[in-house]
Structures are given as structure tokens and as C-alpha cells.
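Naming convention: chains lettered A, B, ... in sequence-line order (proteins, then strands); numbering from 1 in each chain. Values in this document were obtained by computation on a predicted structure and should not be read as measured data.
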Amino acid sequence: MSDKFTIKLNDLNLKQIADSGQIFRMNEEEEGLYRVWFREYTTLVEEKDGSFVFHCGEEEFNKVWYDYFDLGLDYAKVKALVDVEDEYLKTAIKHGYGIRILRQDLWEIIISFIVSQNNNIPRIKNSIAKLCALTKDGSFPSATVLSQVSVEELHSYGLGYRDEYIHRLALKTVKGEFVPESLIGLSYEEAKKALMAEHGIGKKVADCICVFGLHHLDAFPIDTHVKQILAAHYKDGFPFHRYEGYAAIMQQYMFYHDLLNSKKAAKTSPQKVKKTKSK
DNA sequence: CAACAGGCGGGAC
DNA sequence: GTCCCGCCTGTT
């Protein structure tokens with residue numbers, strides 16, 4: 001119960017991952033203490049004196065969290081692929097050195113990224129928290145649970161027009177007409193195509209599901225931010241060939257860096273404080 | 001007030 | 001196939 005397991009790990013930063021946009025409910029419960037979830041498992045993790053403390057036994061760490069944090073992949077090796085003259089990516093990696101692509105639960109990722117479309121992070125997090133409140137233990141609701149929730153109730157979770165997409169896919173899944181597990185053995189292209197056949201899943205969301213739900217690191221989701229980054233820093237095209245098999249990781253460094261920049265920009269140029277008219 | 005947010009579906013062409 | 005529009009809703 002009060003088991004703890006401490007291990008030294010490289011290329012890992014919990015805050016960076018929590019803020020990287022690949023996960024919407026890795027919350028910081030106390031200073032430096034993050035909660036992560038995988039299916040029926042949940043644990044707290046913290047960084048302490050250069051090591052990571054998992055609030056679970058070594059057995060659970062080996063069984064669940066080792067893979068969840070993608071610890072089998074050497075991210076230093078991936079970073080080493082970067083062109084020494086690519087100042088943008090070098091800076092991005094400097095700021096997001098501890099980002100890893102988590103191996104999250106596929107169903108949770110499918111629903112979460114449907115929620116994420118044309119949406120902002122605080123609202124996405126709020127909606128997903130409400131979905132998770134449907135279960136007793138706070139785990140992510142299964143297709144069965146979701147299928148029993150009315151569209152009206154889903155709408156009340158702030159899901160907007162995405163309510164129907166979720167309801168529809170949950171029903172289809174319960175009926176066996178959509179089988180998430182069947183995507184697992186497919187190639188990236190096949191999986192993307194199968195995902196895009198579902199209502200509410202387009203190109204971008206399918207790519208995100210491929211990366212974060214199926215760990216296809218050769219995918220490269222292009223959202224409005226990444227599109228702008230490419231236009232600003234890679235006018236002659238992004239060197240995908242250089243990062244074969246790992247483009248998704250580069251995308252994460254870029255995306256995270258852009259988020260940091262926009263946050264900083266919002267801070268340095270705060271919204272004008274309107275002088276309140278004296279009444 | 002309009003524009004935008006980690007887009008998508010549907011229709012026009 | 002590409003282009004364009006409307007869409008839930010909170011924030012800037």
C-alpha cells in the first residue's frame with residue numbers, strides 16, 4: 001500500500017509531460033507529485049534528488065509503469081539525430097528535454113482526442129474530468145459506460161458538438177462494429193485510414209491517436225500550431241527522412257516549445273487593464 | 001466586438 | 001480531389 005519504488009531515469013520530466021498536450025489528466029496533486037492512470041492502475045510519481053519515486057511496488061512499476069513511460073526507448077539516441085544546425089529544434093529540445101511519448105490506453109486516447117478537436121486545453125481537461133467522474137474509481141469510462149450516457153448529459157460536460165461523436169462511437173463499440181483492439185496490429189497508414197472512417201475522427205485526430213494510442217512514432221500530427229512552426233522555421237520542408245521512425249517525438253518537442261512560447265508571450269504582454277470608468 | 005482554440009463533416013465544384 | 005462554411009463554448 002505505502003510501497004515506494006525509487007529509480008534513476010534519464011530524459012524524463014513529469015511537468016513537461018503533463019504540459020505537453022498528449023495527456024489531459026496527469027494532475028499535480030501536490031508540489032511535484034503527479035498522478036498517472038493506466039486502465040485500472042493509478043499511482044503517484046515524483047522526482048527527488050535526480051531520481052523518480054513511484055508510489056507503488058517494484059512489481060507494479062515493472063508490470064505497468066515501465067512501459068507506460070516508454071522507458072524501453074533511449075530518447076538520448078533520438079535527440080542525437082537532430083541536425084546541429086537546426087537551432088529551432090535544438091532550443092525546443094533544451095526546453096522539453098524530459099518529454100516522452102506515453103503509452104496510454106487506446107480507448108481513452110481515442111475519446112480524449114475527439115474531445116480535443118477545435119478546443120482548448122482547460123476545456124478539454126474539464127470535460128475529461130467529468131467523463132472520469134462517471135466511474136467509481138476515477139478511471140476512464142469504458143465504451144459500455146459511455147454508451148449509457150445520453151447525448152444531453154454528455155453535452156452538459158462542455159463537450160459541445162463532440163457529444164454526438166462520442167455517443168455514436170461508444171454505441172458502435174459496444175455493438176462490436178468498432179473494435180479498438182483491431183487497430184493494434186495495423187501499420188500506421190492502415191490504422192489511420194481505419195480511424196478516419198469513424199465519424200468525428202479526421203486527419204489530425206487520427207494522427208494523434210496513432211501516436212499517443214498506438215505508439216506509431218512515424219506519424220506527425222499537424223495542428224494549427226505545428227503548421228505555423230513549419231511555415232516559420234521550415235520553409236524548405238521539414239526533414240522527415242532524418243527522423244524516420246521518430247517524427248512524432250520531434251513534433252512533441254516542437255509543440256511543447258510553442259506552448260511555452262505562447263505562454264511567455266501572454267505573460268510579457270498582459271491584456272490591457274481597462275481603466276474602469278468611475279461610476 | 002471578432003478571432004481563435006491541438007478540426008471535422010458536409011456540400012459545392 | 002480542393003475549397004468553404006457552420007459548429008459548442010470559453011478566452012483573448
The Watson-Crick or G-U wobble partner of C/dG1, with both key distances under 3.5 Å, is B/dC13
Touch check for A/Ser112, heavy atoms < 4.0 angstrom, all strands: base, sugar-phosphate only, or nothing? nothing
Quiz item: Has the side chain of A/Tyr161 got a donor or acceptor atom sitting under 3.5 Å from an opposite partner on the base of B/dG7?
Solution: yes
Could you check whether A/Glu198 gets within reach of a base, just the sugar-phosphate, or nothing at all, counting any heavy atom under 4.0 Å?
sugar-phosphate
Margin query: Please give the distance between the P atoms of C/dT2 and B/dA5 as a whole number of Å.
Written below: 22 Å
Winner on side-chain proximity to A/Gln228, out of B/dC8, C/dC8, B/dA5, is B/dA5
Review point. Do A/Lys63 and A/Tyr41 get their side chains close enough for a donor-acceptor pair, meaning under 3.5 Å?
Key: yes
What nucleic acid atoms does A/Gly160 come within less than 4.0 Å of, heavy atoms only: base, sugar-phosphate, or nothing? base
Checking B/dA5, B/dG9, C/dT9 against the side chain of A/His225 (C-beta onward), the nearest is B/dA5
- Query: When we call it a touch if two heavy atoms are under 4.0 Å apart, what does A/Gly158 touch: a base, just sugar-phosphate, or nothing?
  - Reply: nothing
Can a donor-acceptor pair be found between the side chains of A/Tyr157 and A/Asp163 at a distance below 3.5 Å? no
Checklist entry - Is there a donor and acceptor pair, one atom on the side chain of A/Arg123 and one on the base of C/dC8, closer than 3.5 Å? => result yes
Ranking B/dG7, C/dT9, B/dA5 by distance to the side chain of A/His155, first place goes to C/dT9
Comparing nearest nucleotides in DNA chain B, the 5'-proximal residue of the pair A/Ile201, A/Asn120 is A/Asn120
(Q) Can you tell me if A/Asp49 has over 12 outside heavy atoms packed within less than 6.0 Å of its CG? (A) no
Exercise for the section: Pick the P atom in C/dC8 and in B/dG11, then give their distance to the nearest Å. Expected result: 15 Å
Nearest-nucleotide check on DNA chain B, A/Met196 vs A/Gln252; residue mapping nearer the 5' end is A/Gln252
A/His199 has its side chain closest, among B/dG10, C/dC8, B/dA5, to B/dG10
Donor-acceptor contact below 3.5 Å, side chain A/Thr42 vs main chain A/Val36: yes
Notebook entry, point to check: Are A/Asp70 and A/Arg103 within salt-bridge range, i.e. N to O under 4.0 Å?
Noted result: yes
Checking B/dA5, C/dC8, B/dC8 against the side chain of A/Val205 (C-beta onward), the nearest is B/dC8
